Amino acid sequence: MKMKKFVGQTFKEAIDLVKKELGPDAIILSSKSVKSGPFGILNKDAVEVTAAIDDTALVRSGEPANEKDEILKELRGLRDEIGFLKETLRPIVPTLRISRNKKGIFNLLISQGVDPQFAMILVERANDSIDSLKNVIKKDIKVQDAASADCDAMVFLGPSGAGKTTTMSKIAYMMAARKKRVSLVSLDHQRIGSVAALKDLSRHLKCQLRVIRNVSELPRLIYKEAERSTILVDTPGYGYKDISKDLKDFFPGNSSVKRCYMMDSTMNTNTALNFWQNGSSETIDSIAFTKLDMATQYGPLYNLSMLTSRPMSFLTTGPDVPDDIKVPNSDFLANLIIGGV
Ligand SMILES: Nc1nc2c(ncn2[C@@H]2O[C@H](COP(=O)(O)OP(=O)(O)O)[C@@H](O)[C@H]2O)c(=O)[nH]1
Ligand SMILES: [Mg+2]
């Protein structure tokens, strides 16, 4: 607290002196009449005012303005720096390019497991509505009704447990329902279970089943059978690389032996892609996704459709033969990929 006495000819003059020196927040503690004059000889009427000011308040009243200015200056500096950083990072962090109104659909794609790079491209091509996003996805995804295709044989390839035997059985029923004659071949002679399942199937469909050991036996069977029926060929998962190479040698590109690759939709994109790259995938005609009923997101279907650039021929939605299978259309797939929104 700072205290001081002020003397004026009148009370008003003393108060003016107080205001001038201590400011408007000064407190008047007391006032009294005094005599004033040169050399301390009191010979004139005057008014003495004792005033005080809280000097910490004096400092504080000055500070907020300064502090605010400082903070604002700092914020402006930071904003400029962030702007500069954003511009610098834009080419290497592509998501910074996404406008605010498209962030929603970008985040939706990411939450469904669509690869961030693909999501970026989709968002750039779509406007900010879900319908426009669906249309862009529909344009990208190719579908194929392989069960209606006119071919001599259809070979089912893919990793163990992907669903080859089960899906092939469903397709056999589907083709039979479309009045197409089928016959069955198994290259999976070591797995008693899969041969037993196909035996059952051949009984139900009243069609032939042959179990063979090598792809080299297939041309002869096709030669004999192709006129009468479409041959469905089940393969084991373990020898996928060799079998796909043999198929490539015996039935080079564009042959009437179609190859359908099974992908387990519960696998993440990288694992599925690893399996895909691990064989002669260039000869595969279409891909099928199994176990949709067990997958938690469907973005990987988009990723793998783009990465393999193959049409999707079948989707399976459960273990039950013959019901749990679907020939996809792009509308259904687009909906699925964005999580059924
Ligand atoms: N939940 C579910 N299970 C499936 C589906 N497709 C196949 N399975 C199951 O996956 C397991 C492996 O199938 P399988 O056809 O033997 O695979 P393969 O080794 O590729 O021939 C079996 O238990 C099938 O019942 C599907 O779409 N959904
Ligand atoms: Mg099998």
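Counting convention: from 1, in listed order, for ligands and their atoms alike. These figures come from a predicted structure and were not determined experimentally.
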Looking only at protein heavy atoms, which one is nearest to [atom], and how far off is it?
atom: atom 17 (O) of ligand 1; result: G163 N, 3.0 Å
atom: atom 28 (N) of ligand 1; result: D293 OD1, 2.8 Å
atom: atom 9 (C) of ligand 1; result: K291 CE, 4.2 Å
atom: atom 26 (C) of ligand 1; result: G318 O, 3.1 Å
atom: atom 27 (O) of ligand 1; result: T316 OG1, 2.6 Å
atom: atom 19 (O) of ligand 1; result: G161 N, 2.7 Å
atom: atom 3 (N) of ligand 1; result: P319 CB, 3.8 Å
atom: atom 13 (O) of ligand 1; result: T166 OG1, 3.5 Å

Using distance alone, decide if ligand 1 has a nitrogen or oxygen within less than 3.5 Å of any nitrogen or oxygen in [X].
X: L292; value: no
X: D324; value: no
X: M294; value: no
X: S160; value: no
X: D234; value: no
X: T290; value: no

Donor-acceptor pair, distance only, cut-off 3.5 Å: does the side chain of [X] make one with the backbone of [Y]?
X: K164; Y: F156; answer: no
X: D264; Y: A162; answer: no
X: S132; Y: N127; answer: yes
X: T316; Y: K291; answer: yes

Are [X] and [Y] linked by a side-chain donor-acceptor pair shorter than 3.5 Å?
X: D188; Y: S186; result: no
X: Y238; Y: Q190; result: yes
X: S129; Y: D131; result: no
X: N278; Y: Y240; result: no

Could you list which atoms of ligand 1 come closer than 4.0 Å to a heavy atom of [X]?
X: T165; value: 15 (O), 21 (O)
X: K164; value: 15 (O), 17 (O), 18 (P), 19 (O), 20 (O), 21 (O)
X: P159; value: 20 (O)

Evaluate the 4.0 Å heavy atom contact test for atom 23 (O) of ligand 1: does a protein atom fall under the cut-off?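 There is no protein heavy atom less than 4.0 Å from atom 23 (O) of ligand 1.
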Please work out whether any backbone atom (N, CA, C, O) or any side-chain heavy atom from C-beta onward of R191 is under 4.0 Å from ligand 1, and answer side chain, backbone, both or neither.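 Only the side chain of R191 comes within reach of ligand 1.
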Hey, what's the ring geometry for H204 with Y173, parallel, tilted or perpendicular (30° and 60° as the breaks)?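 Aromatic pair H204/Y173 classed tilted.
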Does ligand 1 have any atom sitting under 4.0 Å from a heavy atom of A162?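 Distance cut 4.0 Å: A162 passes for ligand 1.
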Can you tell me if T165 has an N, O or S atom under 2.8 Å away from the Mg ion (ligand 2)?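 It does: T165 brings an N, O or S atom closer than 2.8 Å to the Mg ion (ligand 2).
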If two hydrophobic side chains count as joined below 4.5 Å and joins carry through other members, does L301 share a cluster with L304?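 Yes, it is one cluster - the side chains of L301 and L304 are joined through contacts under 4.5 Å.
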Assess K170 against F314: is NZ or CZ under 6.0 Å from the centre of the six-membered ring, and within 45 degrees of the ring's axis?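 Because its charged atom misses either the 6.0 Å distance or the 45° angle limit, K170 does not stack over F314.
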Taking the side chain as every heavy atom from C-beta outward, state whether F11 and S33 have any atom pair closer than 4.5 Å.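 Result no, sub-4.5 Å side-chain heavy-atom pair not found.
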Atom CD1 in I325, atom OG1 in T290: separation rounded to 0.5 Å?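 Nearest 0.5 Å value for the CD1-OG1 distance: 10.0 Å.
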